[in-house]
A.B. asks: 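Quick one: this structure, given as structure tokens, is what I'll be asking you about.
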There are 2 protein chains.
Amino acid sequence: MFKSLSKPKKRLADQVYEQLLDAIHQGVILPNDQIVQEKLAEQFEISRTPVREALLRLEQEKIIEVAKRGGFKIRIISERETEEIYRARAAIECYAMRMLAAQSTPALLEQLRHTIQQAENLTEYSVKAYFRANQTIHRAFVVATENRYLLEMFDNTWNRGTSFRLFASIDAEAMAQSLGGHEALVDAIASGQPELAFQAMLEHIDDGLHLQQGEL
Amino acid sequence: MFKSLSKPKKRLADQVYEQLLDAIHQGVILPNDQIVQEKLAEQFEISRTPVREALLRLEQEKIIEVAKRGGFKIRIISERETEEIYRARAAIECYAMRMLAAQSTPALLEQLRHTIQQAENLTEYSVKAYFRANQTIHRAFVVATENRYLLEMFDNTWNRGTSFRLFASIDAEAMAQSLGGHEALVDAIASGQPELAFQAMLEHIDDGLHLQQGEL
DNA sequence: TTTTTGTATACTGTATACAGTATCCGAATT
DNA sequence: AATTCGGATACTGTATACAGTATACAAAAA
């Protein structure tokens with residue numbers, strides 16, 4: 001009869017967290033920008049407390065770090081670290097592939113193919129758009145395992161590699177080619193052979209790393 | 001000449017976090033216990049703010065959750081979830097095994113064997129002691145990869161589901177036997193065959209799951 | 001010029017205050 | 001006896017206040 005009046009009951013801190021993460025991903029906040037609690041609080045028109053809680057979380061996730069004058073700034077990821085991230089990704093995503101190959105069903109394959117086609121249909125040709133599509137597709141594999149821990153690790157890992165997604169100057173053609181390689185992953189799952197599926201994803205991820213490192 | 005006076009510069013929130021996590025692992029705080037900010041603040045003899053920050057982090061890590069009267073309580077993990085945790089562990093630790101097998105050196109093997117022997121040499125024969133030894137050993141494999149992201153995922157995963165409480169009902173003999181199986185993992189690494197190392201760890205972890213589920 | 005030193009400034013971290021909301025409980029009602 | 005209802009209670013979430021510390025900068029000393 002009546003509309004529910006109960007609020008989504010979301011903490012301000014969580015909303016701030018999401019907005020800040022987005023701002024970092026979108027390049028609204030840049031490395032070397034000084035991130036200050038009071039400044040943000042003013043912009044959000046709230047007190048410092050929830051802002052602080054959001055920043056604390058971002059710091060804990062190693063996305064930002066304490067800066068010179070006390071404030072925070074975006075943490076820059078070294079090349080060495082980027083490689084570590086890619087290995088972590090491999091651990092998660094390749095294992096997911098194994099799981100999927102071991103319990104492959106036509107419905108699963110269909111769904112994955114659908115997601116891929118949907119995501120590959122870019123409306124805009126930018127590095128940003130490429131990353132978004134790529135992430136959507138890769139995430140779909142992990143989602144399909146129905147394992148919330150794997151998914152959480154996936155999200156955490158992907159949220160971190162932020163700096164490079166903005167500055168990477170990837171050749172458009174190479175980008176499109178890499179994006180097109182995802183169907184083959186589904187084929188690997190369809191084979192029903194875990195080790196084959198594993199290897200397919202491993203090579204795909206390594207390709208991505210090389211792509212980013214400009215070692216075409 | 002003089003002793004440094006600079007404090008370890010640790011936030012109270014972090015110290016509270018550590019102590020609470022420990023209390024949960026040790027069974028000092030039990031499920032259904034009501035966890036209240038003000039109560040804790042009083043016990044720690046600090047204000048509510050840092051306590052709140054620590055609780056927020058524990059909640060974010062899904063270790064605690066909001067309880068009835070507003071406070072928090074330990075989150076209980078379903079059997080389904082336990083399995084998911086074990087799959088997540090497998091993803092991390094089995095991949096680590098692969099990496100180690102691919103770059104195995106005598107020094108590495110030596111170090112792992114040393115850690116294992118050290119840890120197996122229990123000073124106390126309790127479930128808690130077995131649990132700790134087991135964790136130390138498994139962690140050593142991940143540490144050896146020198147990948148901080150893998151290690152972080154390992155720690156997060158273990159902090160959550162693998163509270164010793166879950167092992168409370170496990171037969172001591174079975175546990176001792178499981179503890180002895182770790183040398184074989186090093187042998188698998190020594191073989192230099194990634195897939196073999198992978199499989200060895202996978203089976204070992206699955207054994208652990210069955211042990212915990214009482215399906216001996 | 002370079003180095004030292006004092007002081008202002010920009011921040012954080014912690015404490016405290018306050019308002020709001022879900023739960024509980026006991027008395028009133030059926 | 002079961003249900004409803006009002007108020008007390010137990011908490012949280014957010015705002016504010018305050019003290020402390022690292023940096024920056026300008027003036028003094030070398």
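Letters A, B, ... mirror the listed sequences (proteins, then strands); counts begin at 1.
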A.B. asks: Which part of the nucleic acid, if any, lies within contact of B:Gln37, taking any heavy atom under 4.0 Å across all strands shown: a base, the sugar-phosphate backbone alone, or nothing?
C.D. replies: sugar-phosphate

A.B. asks: What is the distance, rounded to the nearest whole Å, between atom NZ of A:Lys39 and atom P of C:dA10?
C.D. replies: 8 Å

A.B. asks: Could you list all the side chain to side chain donor-acceptor pair (under 3.5 Å) pairs where at least one residue sits in residues 39-50 of chain A, not counting sequence neighbours?
C.D. replies: A:Gln37-A:Arg48

A.B. asks: Among residues 59-71 of chain B, which residues get a heavy atom nearer than 4.0 Å to DNA chain D?
C.D. replies: B:Arg69, B:Gly70, B:Gly71

A.B. asks: Checking A:Phe141 now: which residues fulfil ring pair (Phe, Tyr, Trp, His ring centres under 6.0 Å) with it, not counting sequence neighbours?
C.D. replies: none

A.B. asks: Find the distance A:Phe72:CZ to D:dA22:C1' and express it as a whole number of Å.
C.D. replies: 14 Å

A.B. asks: Taking CG from B:Leu12 and C1' from D:dA19, how many angstroms apart are they, rounded to a whole number?
C.D. replies: 14 Å

A.B. asks: Sequence neighbours excluded, which residues qualify as side chain to side chain donor-acceptor pair (under 3.5 Å) partners of B:Glu65?
C.D. replies: B:Lys73

A.B. asks: In whole angstrom, what separates A:Glu42's CD from D:dT16's C1'?
C.D. replies: 15 Å

A.B. asks: Side chain to side chain donor-acceptor pair (under 3.5 Å) with A:Asp206: which residues, sequence neighbours excluded?
C.D. replies: A:Arg87

A.B. asks: Residues two or more places apart in sequence or in another chain: which of them pass side chain to side chain donor-acceptor pair (under 3.5 Å) with B:Glu81?
C.D. replies: A:Tyr149, B:Arg75

A.B. asks: Could you tell me the separation between the NZ atom of A:Lys73 and the C1' atom of C:dA10, rounded to a whole number of Å?
C.D. replies: 16 Å

A.B. asks: What integer distance in Å separates A:Glu38:CD from D:dT16:P?
C.D. replies: 11 Å

A.B. asks: Can we say A:Glu93 and A:Arg139 salt-bridge, meaning some charged N sits less than 4.0 Å from an Asp/Glu carboxylate O?
C.D. replies: no

A.B. asks: Short of 4.0 Å, heavy atom to strand atom, which residues of residues 43-54 of chain A count as contacting DNA chain C?
C.D. replies: A:Arg48, A:Arg52

A.B. asks: I'd like to check the side chain to side chain donor-acceptor pair (under 3.5 Å) partners of A:Ser104; sequence neighbours left out, ordered by chain and number.
C.D. replies: none

A.B. asks: Would you mind reading off the distance between B:Tyr17 atom OH and C:dG13 atom P, rounded to a whole angstrom?
C.D. replies: 18 Å

A.B. asks: With A:Tyr95, which residues qualify under ring pair (Phe, Tyr, Trp, His ring centres under 6.0 Å), at least two apart?
C.D. replies: none

A.B. asks: Rounding to an integer number of Å, can you tell me how far B:Arg11 CZ sits from C:dA15 P?
C.D. replies: 14 Å

A.B. asks: Just checking, any donor-acceptor pair under 3.5 angstrom between side chains of B:Ser178 and B:Tyr130?
C.D. replies: no

